[in-house]
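Source: prediction; values computed, not measured. Because only heavy atoms are used, hydrogens play no part in the values below, and waters and symmetry mates are left out as well, while side chains stay in.
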Amino acid sequence: MSFPLLTATAVLPAIGAIATAAVPAAQRTAAKWLALIVSLATLALAITVLVRFDPDGGRYQLTESHAWIADFGVRYELGVDGIAVALIALTALLIPFIILAGWHDADPLETGSRRWRPTQGFFALILGVEAMVIISFEATDVFLFYIFFEAMLIPMYFLIGGFGDRAHEHGEEAASTQRSYAAVKFLLYNLVGGLIMLAAVIGLYVVAGNFSLQEIAEARANGSLHMATNTERWLFLGFFFAFAVKAPLWPLHTWLPNAMQESTAPVAVLITAVVDKVGTFAMLRFCLQLFPEASKWATPVILVLALISIVYGALLAVGQRDIKRLVAYASISHFGFIIMGIFAMTSQGQSGATLYMVNHGISTAALMLVAGFLISRRGSRLIADYGGVQKVAPVLAGTFLVGSLATLSLPGLAPFVSEFLVLVGTFTRYPAIGIIATFGIVLAALYTLVLYQRTMTGPVKQEVSAMPDLRARELVVVAPLIVLLIFLGVYPKPVTDIVNPAVKSTLSDVHKKDPKPSVEAAK
């Protein structure tokens, strides 16, 4: 029996979470190091998955299948395609940086009403989220996927509500109230989406008789399983609604700005760079593969919603006074690009969307973590409380600039390639949508450059005059992310080679081909 590599990749951080939580309360530093070592070991397993995956091989590789709840057709089935492999690698890569960046975020409070916080719990919850996200990317049984899709809400709820940002202008009591509100809003929105999806999962079982993604897709492809048009559309909407909440897509996005604002910077990265990717990934894996006709039927409306997300998110980012809320609305705009690329139904669009998931994770992590270091020094999230930081902390300002330029998709940095592919892929089939979406790029340049100008340039404000530059631990967090942004901006081929075969399979599922050029090449 071959080594269950996919199971090990998900189980290791779960075991690490339990072990970290069990560390005695007085051994906070030991708990931190244990969590970091487990995350690095998980990264090593994820790299092994990446190395063993053959882009030219079968669609799902490294598969595992075992009986679980046989009476209801539920199996423990895992398998990865190129898209899943890329996102597992992204998740495993970011978690060590998240842990390092949050090294002191759960230390005991010296002042205020909340004098003690379980440091071990903070890092255990992060590892728990990692385990659930990874197995969500691996699951090819719909019911198995649903369990972990919902289960990850619980540790995220405690990370948002119990370990929020200490930088609050209205004091600890008001901060605690705001954190609780943000955590409950996050949980309720996602639970509602999950309950609607549960009804659709049950409906899928009634129609198909099992939960196996591969078996259902194969039966649909060879004609042995037929869904009535209305049935397929209702099931699609049940799945898509849950994924659109998680993504998040306008108008189901309103939980994200509150959650990111009230979270610590590492947890904010965990939300938008890791957890939210499960929503867009699931659109590709489940919506398009299980419900191809319904996906094509819903495409015009979804593209309009994605376009609204792009422009709306960017416009609101321009007017933000809070650094974290600005990054949150920028992420809503970026997720609009990802969803637009998925439903453009072209190889360029879907390759760009998948690449965008990876690049957005790296760029958002770089920008938000540096912003977190900045906020921890000044004790404020408000943009107006900064000015002239580049004169007193040039390395911090320089890394903040690179993260900002990546957010606006500057050529030469990783997000540019993915955004370009999404726009090209959308324009070839839906030119009007593609043209309007380009305004999101203009607005991105506005909100990112204004953010940098107001915080980093100009006269040095007295409150930041003694601000220290990045420390060694913080440089270890930021430097690799900056290197990756530059490397993938110049040479994205390692990622596109992995994801492109999976994209072709997805287009085949929905019986779509790239449109032919409308103008013949000049002879």
Side-chain angles (χ1 to χ4, degrees), residues 3-17 38-55 57-64 76-99 126-141 144-145 147-149 151-152 213 246 269-286 338 351 353-362 364-365 414 480-481 484 488 492 494-503 505-506:
F3 179 72
L5 182 58
L6 296 186
T7 295
T9 307
V11 168
L12 178 60
I15 295 174
V38 170
S39 69
L40 291 173
T42 305
L43 176 59
L45 287 177
I47 293 172
T48 304
V49 171
L50 185 64
V51 170
R52 290 188 57 183
F53 181 80
D54 180 9
R59 180 169 188 176
Y60 292 105
Q61 300 178 33
L62 306 175
T63 55
E64 302 173 30
Y76 177 80
E77 285 189 348
L78 305 180
V80 289
D81 60 4
I83 299 170
V85 167
L87 293 176
I88 290 169
L90 171 69
T91 301
L93 173 71
L94 291 181
I95 295 299
F97 296 131
I98 288 172
I99 290 173
I126 291 174
L127 290 175
V129 172
E130 179 182 23
M132 294 175 188
V133 169
I134 288 176
I135 203 167
S136 296
F137 291 141
E138 297 172 345
T140 56
D141 182 277
L144 179 66
F145 169 83
I147 289 175
F148 290 99
F149 179 81
M152 70 180 71
L213 171 67
K246 185 84 78 179
V269 171
L270 189 65
I271 295 170
T272 191
V274 176
V275 172
D276 287 354
K277 298 299 187 300
V278 178
T280 47
F281 163 80
M283 292 178 189
L284 279 165
R285 171 166 280 191
F286 296 100
I338 294 170
S351 293
T354 306
L355 187 61
Y356 213 138
M357 291 186 222
V358 176
N359 292 338
H360 173 263
I362 299 171
T364 299
L481 298 175
L484 274 174
L488 292 178
V495 180
T496 56
D497 283 349
I498 293 173
V499 304
N500 281 345
V503 166
S505 297
T506 303

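- Of all non-hydrogen atoms in Leu78 and Thr140, the two that sit nearest each other are N-OG1, 3.8 Å.
- For the atom pair CG (Leu6) and CZ (Phe137), the distance works out to 13.5 Å, reported to the nearest 0.5 Å.
- Side-chain contact between Thr63 and Glu77: absent, with no pair of heavy atoms (C-beta onward) separated by less than 4.5 Å.
- One finds the CG atom of Leu87 at 12.0 Å from the CG atom of Leu93 (value rounded to the nearest 0.5 Å).
- A distance of 14.0 Å separates OG1 in Thr506 from CE in Met283, rounded to the nearest 0.5 Å.
- Relative ring orientation between Phe145 and Phe286 is described as tilted, the plane-to-plane angle lying within the 30° to 60° band.
- Contact record, Ala8 with Pro13: O-CD, 4.5 Å, taken as the closest heavy-atom pair.
- Of the residues listed (Ile98, Asp276, Thr91), the one engaging Leu270 in a side chain to side chain contact (heavy atoms under 4.5 Å, CB included) is Ile98, and it is the only one.
- Minimum heavy-atom separation, Phe53 to Val80: CE1-O, 3.5 Å.
- Using a 4.5 Å cut-off on side-chain heavy atoms (C-beta onward), Leu127 and Ile99 make contact.
- By the 4.5 Å heavy-atom criterion applied to side chains, Ser351 and Val503 are counted as neighbours.
- The two atoms that bring Asp81 and Ala84 nearest to each other are OD1-N, 2.9 Å, heavy atoms only.
- In this structure, the side chains of Thr280 and Thr354 stay at 4.5 Å or more apart for every pair of heavy atoms.
- Rounding to the nearest 0.5 Å gives a distance of 10.0 Å between CG of Leu43 and CG of Leu50.
- You'll find the side chain of Arg52 stays beyond 4.5 Å of the side chain of Val85, heavy atoms only.
- When atom types are taken as modelled, the side chain of Lys246 and the backbone of Lys277 share no donor-acceptor pair closer than 3.5 angstrom.
- Looking at heavy atoms from C-beta onward, Leu90 lies out of side-chain contact with Met357 at the 4.5 angstrom threshold.
- Distance alone, capped at 3.5 Å, is enough to place a donor-acceptor pair between the Arg285 side chain and the Ala139 backbone.
- The heavy-atom pair separating Ala46 from Ile88 by the smallest distance is CB-CG2, 4.1 Å.
- Leu488 is listed as a side-chain neighbour of Ile362, based on a closest heavy-atom distance under 4.5 Å.
- Shortest non-hydrogen contact noted between Met152 and Ser136 is CE-OG, 3.4 Å.
- The side-chain heavy atoms of Val499 and Leu355, taken from C-beta on, include no pair separated by under 4.5 Å.
- Panel note: side chain Glu64, backbone Thr7; a donor-acceptor pair is recorded below 3.5 Å.
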